[in-house]
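Here the structure comes first, spelled out in C-alpha cells, and everything after it is commentary.
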4 protein chains.
Amino acid sequence: MEPIAEKKKLILESALALIKDHGFHGCPMSMMAKNAGVAAGTIYTYFDSKDDLIGELFFYAKSIIFNHVSGSDDPSLDFKTRFFNYWNNLSELYLDRPEIQSFFEQFMISPFNTREIQNADSPWHDWNSNFFQEGIDKGILRNLSPDILFIMVIGSVNSMSKVRQNFSEKVAERGIDLNQLAEMTWDAIRKQ
Amino acid sequence: MEPIAEKKKLILESALALIKDHGFHGCPMSMMAKNAGVAAGTIYTYFDSKDDLIGELFFYAKSIIFNHVSGSDDPSLDFKTRFFNYWNNLSELYLDRPEIQSFFEQFMISPFNTREIQNADSPWHDWNSNFFQEGIDKGILRNLSPDILFIMVIGSVNSMSKVRQNFSEKVAERGIDLNQLAEMTWDAIRKQ
Amino acid sequence: MEPIAEKKKLILESALALIKDHGFHGCPMSMMAKNAGVAAGTIYTYFDSKDDLIGELFFYAKSIIFNHVSGSDDPSLDFKTRFFNYWNNLSELYLDRPEIQSFFEQFMISPFNTREIQNADSPWHDWNSNFFQEGIDKGILRNLSPDILFIMVIGSVNSMSKVRQNFSEKVAERGIDLNQLAEMTWDAIRKQ
Amino acid sequence: MEPIAEKKKLILESALALIKDHGFHGCPMSMMAKNAGVAAGTIYTYFDSKDDLIGELFFYAKSIIFNHVSGSDDPSLDFKTRFFNYWNNLSELYLDRPEIQSFFEQFMISPFNTREIQNADSPWHDWNSNFFQEGIDKGILRNLSPDILFIMVIGSVNSMSKVRQNFSEKVAERGIDLNQLAEMTWDAIRKQ
DNA sequence: GATGAATGAGTGTTCATTCAT
DNA sequence: GATGAATGAACACTCATTCAT
C-alpha cells in the first residue's frame, strides 16, 4: 500500500474526530473540510464522495487497530500472556482514541457497511485467525474455529469499551471493574 | 402503562422495520408514514417530532425484549438451564425480529440516546440485575457485580447476532457454529 | 343586520385576542378554536375559511369602533368639544381594546384587505363624512373634502395609538405626552 | 458601513418588491430566490434565516429613506421650505418605491420587530430629532418634544401614502387632493 | 491543485381543511 | 350541530456536490 498523501490523511483524521462527536450524519462535508483546514471542494480531490471517504476511513481505522495490536504482540511469550496483551492493547487503543472505536461501531451497523466492503481482504482478520489458531494448535484454547474465538473476544472488548465510553458515570458510581471482563473472556475461550 | 393506540403502534412497527434497512437518517418521516399507511402529518398526531418517535421506539423495543426474555424464564429450573433459556430466547428474538437488535445498536450509539433516556427507569435492566444476582447468591456464578455479568452476556449475544445477521454467508460457508458462544459465555460467567 | 350567533361571536372575539399577540399567521385555526373552546372543525360551521373569518372580523371590529365613537357623540355640543370627544373616545377604545387597533393595522396592509372589501359599504366611513361635513358647514373646519379631514384625523389617532402601544417604554422614559397630538390635529383641520 | 455585496443587494431588492404584493408570509424563500435569479439555497449564503433577511431589510429600507430625505435637505433654506421639501421628498419616495413604505408598515407591527431592533441606533431617528429641534429652536415650531412632532409628521405622511396607494381609485373619483395634508400637518406642528 | 459560492433535491414540520362518527 | 383525527400541500432550511476562478 502506498503511503497516504499528507492532506488526505489530514482529512481522514479530521473526519474521524468529528464523527465521534457528531455521527456520520451530523458531519457535513463542509464541517470536515473546515476542521481539516481545507476548502469544501478540496475533499473531492481526494475522495469521490462522502460514501467513499467513509469507506476509506474504515480501512484507515482498521489498519490503525491492526498495527497497534499486531505490532505489540510478542510471539515468544506464553499464549495466555499474549492474550492479555492483546486485550490490553486493544482496550488501551480504544481508550486513547475513542474516535476509532466510535467510528467502527457506527460503521458496522450503517448502510455504508456494504457487502463489498465486508468481503474485502482484511489483514486484521487474517492476523486474528492466525493468532487464535496458534492458541488452538498449542492446546491452550478451545478446539473451535478461530473465527468463533475471534467473535467472542472482539465482542467482549467492544462491549466493555462501549460501556466504558457511554456509561462512564454509572460505572464509576457503582464501582464496576471492567477489567474483570478480560479474565472472564479468557475463561470463555481457553480449553476447559 | 396504558396500552398503545392502534395507529401509534402501527407507526412504531413501521418505523422499526424501515430503520433496520435504512438507518435513522435513511428514513424520512414521509417514508415511515407511507409504510404505515398514513399521511405524513398523521405521525405528528402521535409524536412530537422524529426525535420523540425514536425515543418512544427505544422504550417500545426494550419492552419487547423484556417481555420476551423475562416472560419465558422459569425460576423453578436450575440456574444453568435458565441461563441457556435466557440466551436462546434473546437469540431467537433477535433472529425473528432483527429490526429490534438493529434499532438498539443504532440507538445506543446515536445522539438520540440522551443522558435523560439513559437514566430513565429500566425494568429490563432491573430484571437482569436480579437474574444474575440470583445466580451469584446460589453460588453458581462468579462473585462479581451483576452488572458486569450482564455486560458480558449481552455483549456476547449482540456480537453473535450481529455476525449472524451481517455475515450469514461467511458463517455458512465456513461452517461456524454460533451456538458455541452460549457455552463459552457460560464458562465466562460461571464460578470457576 | 341580524345579530351574530353566540358561538360565532365567541370565535370572533377569541380570534381577535389571539391575532393581537400572534399575528394572522401566528394563529392557526386550531389555536383559535381551542381558545374559543370549540373544536377545530366547528369554526367551519360558521365561516367558510380562514380568509372569510378574517374578513368578517374586519366588519365586526369596524362596527365596534363605529358604535363606540358615534354612540358617544352628542350633536348638541359645540363642534370643537365634539372633536375632542371623538378623539378621546377612539383613543380610549384603542387603549381598552388594543386587539382592535392591532387587528385593523394588520388587516389594512394585508392581502386579506381585498378591493372588494374596500368597496363595501361602510357605516363608519359614512358617519365620518357626515361628521366632518358638519364641521365644514358650520365654518369651523377647513373648507376641504371631509374625506381628507378624516384621513388626517384617523392617521393621527392611529399613529398615536401605535406609538403608545409599541413604544410605551420609550414614551414613558422620554416623558412624551401623546395627548398633545389631539391639539395638534385640531389645529391641522380647523379653519385657520 | 461596508458596501453590500452585489448579490446580497439583489436578494434584498427582490424580497422588498415581493413583500409589497404578497406580505411576509406570502413570500416563500423559494419565491424570493427565484425572483432574484438565484437558487433557494443561495439566500442562506447571505442570510442566516428568513428572520435575518427581514431584519436586514429593515435597516436597508430605513437607510434608503434616511439618505433620500436627509440628502435633499438644504439647511440654508428657511425652515418652512425645508419642511415642505421633507414632506415632498418622503412622499415622492413612497410614491416611487411603494414597496419601501409597505415593508415598513408590515415590519413595524410584525413579530420581526423585536425589542432589540427597536433599540438599535437609528440615524434616521437621530436626524429627525435634530431636524425638528432646529425648528423649535428657531421659534417656528411648537415648543414640544421633537419626538412628538416627528410622530405627527410621520403619521400624516404614512396615512396619506397609504390612502394614495390603497384607495387610488376612490381618491381620483372623488377628486381628493392629498397634498393638502402637507399644509394641514404644517399647521399642526408650527407655532400657533 | 485549491477555493468557496452556487446549486437544488431532499428533510422535518405546520396547518387549513375535510369528513366519519 | 359538534368533534378532532386524518390529510397532504407547502414551507424553511440543509448539505453533498459542482465548477468558474
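We name chains A, B, ... by the order of the sequence lines, and we start the count at 1 in each one.
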Rounding to a whole Å, what distance do you find between A/Phe47:CZ and E/dG1:P?
13 Å
Taking for each residue the nucleotide of DNA chain E with the nearest heavy atom, is it D/Gly37 or B/Asp48 whose nucleotide lies nearer the 5' end?
D/Gly37
Between C1' on F/dT14 and NE2 on B/His25, what's the gap in Å once rounded to a whole number?
13 Å
Give a yes or no on whether D/Asn119 atom CG has more than 12 heavy-atom contacts from other residues, nucleotides or ligands under 6.0 Å away.
yes
Under 3.5 Å donor-acceptor, A/Ser110 side chain and A/Phe107 backbone
yes
Contacts of type salt bridge (charged side-chain N to carboxylate O under 4.0 Å, His left out), residue C/Lys8, not counting sequence neighbours:
C/Glu56
Output the distance between atom OH (B/Tyr46) and atom NZ (B/Lys9), rounded to the nearest 0.5 Å.
14.5 Å
When every non-hydrogen atom of B/Ile11 is compared with those of B/Ile43, the smallest separation belongs to CD1-CA, 4.2 Å
If you check the A/Thr45 side chain, which of E/dA2, E/dT17, E/dA6 turns out closest?
E/dA2
Is the closest side-chain heavy-atom distance between B/Ile65 and B/Phe104 below 4.5 Å?
yes
Under a 3.5 Å distance rule, please check whether D/Asn67 uses its side chain to pair with a backbone N or O of D/Ser63 as donor and acceptor.
yes
Minimum heavy-atom separation for D/Phe47 and D/Asp52, please, with both atom names.
CA-OD2, 3.4 Å
Output a table of donor-acceptor pairs, distance under 3.5 Å, between side-chain atoms of residues 19-39 of chain B and any protein atom two or more places apart or on a different chain; print 'none' if there are none.
| unit_1 | atom_1 | unit_2 | atom_2 | d |
| --- | --- | --- | --- | --- |
| B/His22 | ND1 | B/Leu18 | O | 3.2 |
| B/Asn35 | OD1 | B/Ser14 | OG | 3.0 |

Taking only the side-chain heavy atoms of A/Met29 (C-beta and beyond), determine which of E/dT17, F/dT17, E/dG12 contains the nearest atom.
F/dT17
Tell me the interatomic distance from C/Leu18, atom CG, to E/dA16, atom P, rounded to whole angstroms.
12 Å
Give me, pair by pair, the N or O atoms of the protein and of nucleotides 8-10 of chain F that are less than 3.5 Å apart, along with how far apart they are.
| unit_1 | atom_1 | unit_2 | atom_2 | d |
| --- | --- | --- | --- | --- |
| F/dG8 | N7 | B/Gly41 | N | 3.4 |

Check whether any side-chain nitrogen or oxygen of C/Tyr46 sits under 4.0 Å from OP1 or OP2 of F/dG1, and answer yes or no.
no
Tell me which residues in residues 7-15 of chain B lie within less than 4.0 Å of DNA chain F, going by non-hydrogen atoms.
B/Lys7
NZ of A/Lys50 versus P of F/dT18: gap in Å, rounded?
15 Å
Verify the distance criterion only: is there a donor paired with an acceptor across the side chains of D/Lys7 and D/Thr42 at less than 3.5 Å?
no
Show me the dot-bracket string of DNA chain F, counting Watson-Crick or G-U pairs under 3.5 Å, with | for pairs to another strand and [ ] for crossing ones.
.||||||||||||||||||||
Which nucleotide sits closest to the side chain of B/Tyr44: E/dT13, F/dA6, F/dA12?
E/dT13
Roughly how many Å is it from CZ in A/Phe24 to C1' in F/dA16, rounded to a whole number?
16 Å
Using salt bridge (charged side-chain N to carboxylate O under 4.0 Å, His left out) as the criterion, list what pairs up with C/Glu105, not counting sequence neighbours.
none
Pairwise 5' ranking along DNA chain F for D/Asp51 and B/Ile43, keeping only the more 5' one:
B/Ile43
